[in-house]
Structures are given as C-alpha cells and as structure tokens.
Amino acid sequence: MPELPEVETIKLGLTKLITGKKILKIDVLNLKSFPNNKADVDNFILGKEIINIRRRAKLLMIDLSSNYSLLIHLKMTGQLVYVSDDTRFGAGHPNDSLINDLPDRSTRVIFELSRAKLFFNDQRKFGWIKVIPTELLSDQEYFSKHGPEPLADISPAVFKSNLKKHPRSNIKASLLDQSVIAGIGNIYADESLFLSKIHPKTLVKDLSNQKINSLINSIRQVLELSISKGGSTDRNYVNAEGKKGSYLEFANVFRRENQSCPVCHSTIIKIRVAGRGTHLCPNCQKATMVE
DNA sequence: CACTTGACCTGTCCGC
DNA sequence: TGCGGACAGGTCAAGT
C-alpha cells in the first residue's frame with residue numbers, strides 16, 4: 001500500500017504525536033513483523049526517547065536517544081496508528097472509530113508509550129520493523145541502491161541517468177524500480193504517466209527528453225497533490241491517527257476503468273504491465289509515441 | 001546480462 | 001449460500 005505520500009503523511013503525523021515520548025514496552029504478536037534479538041531491544045529500544053522521525057523512499061525511521069533507530073517498511077497493508085489514552089472513547093461515542101477497536105486481528109506489534117500506544121497493524125504480514133544503529137541509516141550506507149527523492153531539488157538529472165541504465169525496460173516498470181526513483185508505487189506511476197500522456201508500455205529508449213522532463217513534473221505534481229490530500233486510501237491505508245486519505249477522489253485513471261477520461265472522454269481501460277494492474281486512457285496515452 | 005515472473009500472506013470480490 | 005480463483009498499493013529471489 002503505502003507509497004511516498006502515504007509514508008510522508010504518517011511521518012508528519014507521528015512527528016507531532018510521539019516525538020519526545022519514551023518506548024516503555026513492546027508486545028510482539030507476530031515474530032516476522034519484528035525480527036530483532038532481545039538484547040538489542042532491551043539495550044537500545046526500551047526506556048529510550050523518540051527524538052526524530054524521518055522518511056526515505058517508502059521507509060520510515062524512528063530515531064531514538066540511544067543512537068539506534070526503528071526502520072520500518074509498511075509494504076502493502078502496514079499501518080502505524082497512534083492511540084492516546086485520552087482519545088479512546090466509550091462504545092457508541094460519536095467519535096468512536098477504528099482506534100477504539102485496536103488491537104484487532106491484524107495487529108502485529110504494540111509499542112507502549114507513556115499514556116499511549118502505537119499499533120503496527122499489517123494484514124498481509126509483508127511489512128517489518130528492524131532495530132538498526134542510526135549511523136547505518138544514512139543515504140551512503142543503507143540507501144545506496146535507492147534512486148533520488150522525487151521532491152528533492154537534485155532529482156531530475158539523476159533520474160534521467162538512472163532511467164537510461166535500463167533502456168529496454170518499459171517506463172511503468174522503471175517508475176516502480178526504486179533504484180531509478182524512490183517512493184513511487186502503482187497508483188502514482190499510473191497517474192504520472194497519464195498526466196504526461198505516456199503509454200505505460202513505452203520503452204525507456206523511445207522516450208524523448210521532452211517527455212522525460214514532462215514526466216518529472218507530473219510525478220512531482222501528483223505526489224504533492226496527494227500529500228496535500230493525506231495520501232490515497234484504496235483499502236487499508238490510514239494515517240497515524242487512523243484516518244483515511246482522500247487523494248483517490250482526485251485521481252484521473254487509477255481504479256477508474258470503464259469511466260470516462262476527464263480530458264478526452266474516451267473510456268479508461270485497465271491492462272497488465274510489469275505484472276501490475278495498470279490504468280490508462282487509450283486515446284490520450286497512445287501505444288506508439290509520435291513526438 | 002537484462003528483464004519478467006512467482007513467492008511471500010491475508011482478505012475480499014466475482015462468477016459458477 | 002458455497003467454493004474456487006483472481007486480485008490487491010511492495011519487494012526480492014528465481015526463472016527465462
């Protein structure tokens with residue numbers, strides 16, 4: 001599930017909610033979700049203060065006062081939901097919601113903070129939380145295989161040269177390749193390609209410089225809009241307060257097969273590209289590019 | 001080598 | 001209603 005805008009939204013929420021708090025206790029309900037040894041947890045996590053929360057690509061980092069960090073990947077269905085003792089309501093309360101029902105059957109790890117809990121929920125169990133020394137989580141170390149951040153100033157030149165390393169790959173697969181550009185997943189790949197009028201199966205070598213420049217702008221536009229809407233909720237995603245994101249109301253093609261294209265009113269189709277469900281307007285995004 | 005497919009899991013939806 | 005199969009936002013290893 002979570003792509004860059006969703007992870008960024010969670011980061012912003014957690015920063016506000018848990019910075020300065022101490023981790024008092026950890027309940028691991030599914031070992032695969034928290035594959036760490038007891039000594040590391042006892043020595044570097046328990047009793048330590050949360051001093052900073054960061055995001056790189058789709059990964060989240062919670063830095064602690066011990067100079068260790070929790071590195072988190074939410075994969076498809078991961079959630080990090082904060083519930084303060086003060087925000088729980090009685091059954092039937094008008095603000096009664098998801099947060100009242102936690103833990104539930106998808107809860108994998110529970111972090112106990114002072115007067116609050118942080119729930120790591122993950123229906124499909126693909127996600128994980130690892131204990132890592134903070135100094136290893138620099139771009140040089142841990143993220144050497146990741147491409148540039150789309151919203152950082154340096155991205156266009158690096159993005160272009162990374163793209164050209166896989167000239168015979170189709171552009172959709174390249175956008176999903178985290179070593180080319182970081183943080184894009186299926187939703188934002190489809191939406192960016194639509195805005196730039198590029199067919200997802202177009203080979204990278206067949207893209208003009210002009211199209212690549214346009215694509216960079218589209219990626220930024222789409223990601224910024226989504227962050228401003230709190231991300232996309234297709235099924236599972238919620239932010240740190242258990243609330244859904246509304247970006248999909250503004251999406252042009254994603255999950256809109258059989259609806260009409262907002263630009264030309266042709267019928268939007270869904271095909272399979274790079275093994276993934278892919279949405280496009282067959283009229284705006286021609287299979288054969290004519291520059 | 002470069003690129004594509006299957007596996008990891010659970011849940012839901014659709015067609016018979 | 002029941003049941004099998006396809007599919008779901010990510011990422012690797014294995015396969016072609």
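Since the structure is predicted, the reported quantities are computational estimates derived from the model, not experimental observations. Throughout, a chain's letter reflects where its sequence line sits, starting with A, and its residues are numbered from 1.
- Comparing dA8(C), dG9(C), dC3(B) against the side chain of Arg272(A) picks out dA8(C) as the nearest.
- If you check dG9(C), dC8(B), dC3(B) against the side chain of Arg235(A), the one that comes closest is dG9(C).
- dA6(C) and dT5(B) are spaced 16 Å apart, taking the P atom of each and rounding to whole Å.
- By the 30° and 60° cut-offs, the orientation of the rings of Phe34(A) relative to Phe111(A) is perpendicular.
- Comparing dG11(B) with dT11(C), their P atoms sit 22 Å apart, to the nearest whole Å.
- Remark: the separation of the C1' atoms in dG9(C) and dC3(B) is 23 Å, to the nearest Å.
- Between dG5(C) and dA7(B), the distance separating the two P atoms is 15 Å to the nearest Å.
- Regarding Asp122(A), its CG atom lies at a distance of 18 Å from the P atom of dA8(C), rounded to whole Å.
- With its ring centre under 5.5 Å from that of the base six-membered ring and a plane angle below 30°, Phe126(A) counts as stacked on dC8(B).
- When distances are taken from the side chain of Arg276(A) to each of dT10(B), dG9(C), dC3(B), the shortest belongs to dG9(C).
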Note to self: Dot-bracket for DNA chain B, please. Rules: Watson-Crick or G-U, both distances under 3.5 Å, ( ) within the strand, [ ] when a pair crosses earlier ones, | for another strand, . otherwise.
What the structure shows: .|||||||.|||||||
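- Residues Ser218(A) and Ser192(A) have side chains that never bring a donor and an acceptor to within less than 3.5 angstrom of each other.
- Phe250(A) carries Lys229(A) over the face of its six-membered ring, with the cationic atom under 6.0 Å from the centre and within 45° of the normal.
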